[in-house]
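No experiment lies behind these values; they were computed from the predicted model shown. As the structure lists them, so they are numbered: ligands from 1, and atoms in each ligand from 1.
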Amino acid sequence: MIDDSPLAVEMEVEGDFPAEREPPKIQRLEESVVNRIAAGEVIQRPVSAVKELVENSLDADSSSISVVVKDGGLKLIQVSDDGHGVRLEDLPILCERHTTSKLTKYEDLFSLSSMGFRGEALASMTYVAHVTVTTITKGQIHGYRVSYRDGVMENEPKACAAVKGTQISVENLFYNMIARRKTLQNSADDYGKIVDLLSRLAIHHNNVSFSCRKHGAVKADVHSVVASSRLDSIRSVYGVSIAKNLMKVEISSCDTSGCAFDMQGFISNSNYVAKKTILVLFINDRLVECSALKRAIEIVYAATLPKASKPFVYMSINLPREHVDVNIHPTKKEVSLLNQEIMIEMIQSEVELKLRNANDTRTFQEQKVEYIQSTLTSSKSDPPVSPLLSGQKTQKIPVNKMVRTDSSDPAGRLHAYLQPKPHNPPDKICSLSVVRSSVRQRRNPRETADLSSVQELIAGVDSCCHPGLLETVRSCTYVGMADDVFALVQYNTHLYLANVVNLSKELLYQQTLRRFAHFNAIQLSDPAPLSELILLALQEEDLDSGNDTKDHLKERIAEMNTELLKEKAELLEEYFSIYIDSNRNLSRLPVILDQYTPDMDRVPEFLLCLGNDVDWEDEKTCFQGVSAAIGNFYAMHPPLLPNPSGDGIRFYTKRSESSQEKPDLGGNAEMEAVLDQDLLADAENAWSQREWSIQHVLFPSMRLFLKPPASMASNGTFVKVASLEKLYKIFERC
Ligand code: ADP
Ligand code: MG
C-alpha cells in the first residue's frame with residue numbers, strides 16, 4: 001500500500017537510522033536470478049506446474065490428456081496430449097519468458113478465451129527444473145524432441161517418432177531451490193492435490209478425457225471418459241454416492257444494471273454427509289477459488305439443513321469477458337469480478353430455495369429409509385447406511401429404552417395408543433421423565449424436530465413476524481458499528497440504528513428452535529465445573545459478598561442448581577447438544593451459527609439462568625426456556641472488558657507501582673501511564689472478534705433466517721435516524 005500522507009514522510013525523516021551505516025549500493029540482479037525468483041512465484045509447487053501444463057493442453061484443443069507423476073511431482077511430471085502441437089520453427093523460443101501464441105496486445109486480455117496468456121509458465125519451469133518437449137504437428141511424418149534449461153534450448157531439436165500432440169516432461173523440480181525442495185519433501189506430497197485438480201478439471205471439461213497416475217502404477221487415480229452430461233462426468237470422477245445426492249441449480253440473470261451472468265451447477269442435498277466443503281468453481285471456464293462464495297454457500301447449508309453437513313458444489317459461472325479481470329494472481333487462481341457481491345447474494349438465495357424445497361420432500365424419503373431399516377434389517381452386522389440414521393443420537397439410547405420407540409415393535413409403541421387423542425395437553429404437573437418419554441413416543445418414526453411443541457414454537461415465531469421489518473432485514477446493508485450496541489444500517493434511502501444485541505438474541509433463539517436436536521458440538525478445551533460456575537454467577541449478581549451466611553446460602557443454591565442440571569443432562573444433551581459429564585462438568589456446547597462461538601465469559605450466567613429460569617415441567621415451555629437461555633448466552637453482547645478504543649482505554653492503565661519502588665531515574669516516570677498490555681490485547685481481540693462476527697456472521701445469517709417479531713418495530717431495536725433524501729435537501733441548501 002502506498003502511504004503518501006505528510007505524516008508518513010515526517011516519520012521517515014525523523015526515523016532512527018543507525019548513525020554510521022552507509023547506504024547500501026544498488027545493483028542490477030543477474031537475469032538468471034530475476035528469472036528464478038519470478039519462476040518461484042508462478043510455479044509454487046508441483047501442482048501448479050501440472051495446472052499450467054494441463055491448461056496448455058486444453059488451449060491446444062486436445063481431447064485426451066494424461067498425467068504421470070513421480071515422487072509427488074518433484075522427480076517427474078509428464079503431461080501428454082493429442083492437441084495441435086508446436087511448430088518446429090517455434091521451438092527455439094517456446095520456453096523464453098513472455099512468448100505466447102495467445103495474446104498480442106494488452107487489450108486482448110479482455111476478450112481472452114484461452115487459459116494461458118502471459119507466456120510465463122513454460123519459461124518458469126525451465127528456470128527451476130529440466131524440461132523436455134516432444135511434439136508433432138498435423139501432416140508431419142515425425143516429431144521433434146528438445147530439452148530446455150533457463151529459457152533456452154540445450155540442443156537442436158532432434159527428429160523422433162511421436163504420436164499426435166505434445167508431451168512435456170518436467171524433471172527434478174526445484175533442483176536449484178534447496179529450501180523449497182526441502183519444505184515440499186517434508187510436507188505431505190502433492191500427489192493428492194494433483195489428483196484433486198484433475199478431478200475438478202475433468203468434470204468441467206467433459207469433452208476431454210483425463211487420466212492421472214503415479215509413475216509405474218498400472219491403475220489411474222483419475223480416469224474420465226468423454227461424458228454425455230455433466231452429471232455423468234461427476235459420477236465417473238467422484239463416484240455414484242456423490243452423484244446420486246446432487247440437485248441441479250441454475251440462474252440466468254440479464255440485469256440491465258450490469259450484473260449479467262449465467263450460473264449452472266449441482267449442489268448436494270441433505271443426504272450427503274461430509275466434513276469438508278468441496279466447491280468446484282469455474283468462472284468463464286477457468287478453475288478458480290472464491291472464498292466469499294464458499295462461505296456464503298456454507299452459511300446456507302449450516303442453517304438450512306438440520307444435520308449440518310458441509311456441501312459438495314460444482315458451479316460454472318459465465319459472464320461477459322470484460323467483467324472479469326483474469327490478471328490479478330500470479331498463478332491465475334483468483335479472478336476479480338464486477339458486481340461480485342450481488343452475484344453471490346443471488347446464488348445464495350437460489351441455493352437456499354433449492355435446499356428448502358428439497359427439505360420438504362426429504363421428510364418422506366427419510367421416513368421410508370428408516371422404516372425399511374428398522375423392519376427389514378435386524379442383523380447387527382449391518383451398519384446403518386443412511387446418513388440420517390448414522391448421525392442420530394438414537395444409537396446411544398440403551399437398548400431397553402429403544403424398544404418402546406421401535407416402529408417394528410407395535411407392542412412397545414405407546415404413541416399408537418396416544419394418537420387418537422392428540423389434542424390432550426400434556427399433564428401440567430408431570431415430571432421431567434414424563435416430558436422425556438412423551439417426547440420419545442412421538443419421535444418415532446419422525447425426527448425429533450417434528451415434535452409438535454417445537455413446531456408450535458417455530459409457528460409462533462413465523463406468525464409474529466413483521467413483514468416490513470422482514471423486508472428491511474433482508475435487504476439492508478451493514479454500514480458499521482455506531483457504538484457498542486447499535487449498528488448503522490442502510491435500507492433503501494433510510495439509515496437505521498439497529499440493536500445488535502436484541503437482533504442476535506432473537507436470531508439465535510430462532511435458530512436454536514430450527515436446528516433443535518441437530519446441533520454440531522463445540523468441545524470445550526477444559527471441562528468447566530458446574531457448581532463453581534454457578535457460584536461465580538451468584539457472586540457476580542450480588543456485590544455484597546463476604547457475608548458468611550449469605551455465602552453459605554449461595555453455595556447451597558449453586559449445589560441445588562448443579563443437581564438439577566445434572567438431572568436434566570440427558571435432555572440437554574439429546575436436544576441441545578449441551579453436554580454435562582458424570583463429574584458435573586460442562587464439556588460441550590451446541591453450534592448454532594456456523595463459524596461462531598459464544599463469549600465464554602458468559603457461561604456462568606447461562607448456567608444460572610438454566611437452573612433458575614427454565615420451567616422444566618411442561619415440554620413446550622421447557623424447550624422455549626432453554627432456547628431463550630441459549631439465545632441470550634450466544635447473543636453478541638458487548639464483551640465484558642470495556643471497549644479500549646476511545647474513553648475505555650483508561651481502564652487499562654496500571655497504577656505505576658514501579659515509579660514508587662524505583663528511584664526516579666529520568667524525572668518523567670510518574671507522567672507515563674502504564675498500560676496493562678496483556679489485558680489490553682485481550683480486550684482489543686474480543687472487540688474486534690465481535691465486530692467481525694457482527695459483520696460476517698450476524699448480518700449475512702439475519703438476511704437469510706431472521707423473522708423479526710413485530711415487537712422489534714417499537715422496542716427500540718430499529719431506530720430510524722435519517723433519510724438520505726432529507727439529508728440531500730439540507731445539503732442542497734448549503
Ligand atoms: P501461455 O500459455 O501463457 O501462452 P506458456 O508458457 O504456458 O504460456 O506456453 C507458451 C506457448 O507454448 C503457448 O502460447 C503455446 O503456443 C505453446 N504451448 C505450450 N504447451 C503446448 C501444448 N501442450 N500444445 C501446443 N502448444 C503448446
Ligand atoms: Mg500456459
What atoms of ligand 1 come within less than 4.0 Å of a heavy atom belonging to [X]?
X      : value
Val86  : 25 (C), 26 (N), 27 (C)
Ala60  : 24 (N), 25 (C)
Leu94  : 12 (O), 17 (C)
Phe117 : 1 (P), 3 (O)

Plane angle bin for Tyr272 and Phe312 - parallel if under 30°, tilted between 30 and 60°, otherwise perpendicular
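Plane angle over 60°, so perpendicular.
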- Query: With backbone taken as N, CA, C and O and side chain as the heavy atoms from C-beta onward, which portion of Ala121 lies under 4.0 Å from ligand 1: side chain, backbone, both, or neither?
  - Reply: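 Contact part for Ala121 vs ligand 1: both backbone and side chain.
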With heavy atoms only and a cut-off of under 4.0 Å, state how Thr166 meets ligand 1: side chain, backbone, both or neither.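 Answer for Thr166: side chain.
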Is there a side-chain contact (heavy atoms from CB on, under 4.5 Å) between Leu58 and Ile65? Walk through the geometry before answering.
CA-CA 8 Å; Leu58 288 168; Ile65 300 172; 3.8 Å; yes
N or O contact, [X] vs ligand 1, cut-off under 3.5 Å:
X      : value
Asn56  : yes
Thr99  : no
Asp59  : no
Leu122 : yes
Gly119 : yes
Asp81  : yes

* **Listed partners of Glu345 passing salt bridge (Lys or Arg N to Asp or Glu O under 4.0 Å), at least two apart** =>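 Listed in chain order: nothing, the list is empty.
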Please determine which of [options] meets the side-chain hydrogen bond (donor to acceptor under 3.5 Å, both in side chains) test together with [X].
X      : options                     : result
Gln264 : Lys248, Arg230, Glu250      : Glu250
Asn35  : Glu30, Glu120, Arg97        : Arg97
Asp82  : Ser64, Ser209, Ser63, Ser57 : Ser63

* Would you say His84 contacts ligand 1, with heavy atoms under 4.0 Å as the rule? ->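 The answer is yes: ligand 1 sits under 4.0 Å from a heavy atom of His84.
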| message | Less than 4.0 Å is my threshold; does some heavy atom of Gly85 fall inside it relative to ligand 1? | response |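 Yes, Gly85 has a heavy atom closer than 4.0 Å to ligand 1.
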- Query: More than 12 foreign heavy atoms under 6.0 Å from CD1 of Ile141: is that the case here?
  - Reply: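 Not more than 12 within 6.0 Å, no.
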Review point. How far does OG of Ser211 sit from NZ of Lys219, to the nearest 0.5 angstrom?
Key: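 One gets 12.0 Å once the value is rounded to the nearest 0.5 Å.
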Any pair with a residue in residues 197-206 that passes salt bridge (Lys or Arg N to Asp or Glu O under 4.0 Å), sequence neighbours left out, goes on the list, sorted by first then second residue, please.
->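 Found Asp196-Arg200.
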_Looking at the Mg ion (ligand 2), is there an N, O or S atom belonging to Thr100 that lies under 2.8 Å away from it?_
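No N, O or S atom of Thr100 is closer than 2.8 Å to the Mg ion (ligand 2), so no.
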Between Phe282 and Leu201, is the side-chain contact (heavy atoms from CB on, under 4.5 Å) condition met? List the steps.
CA-CA 9 Å; Phe282 284 81; Leu201 289 170; 4.1 Å; yes
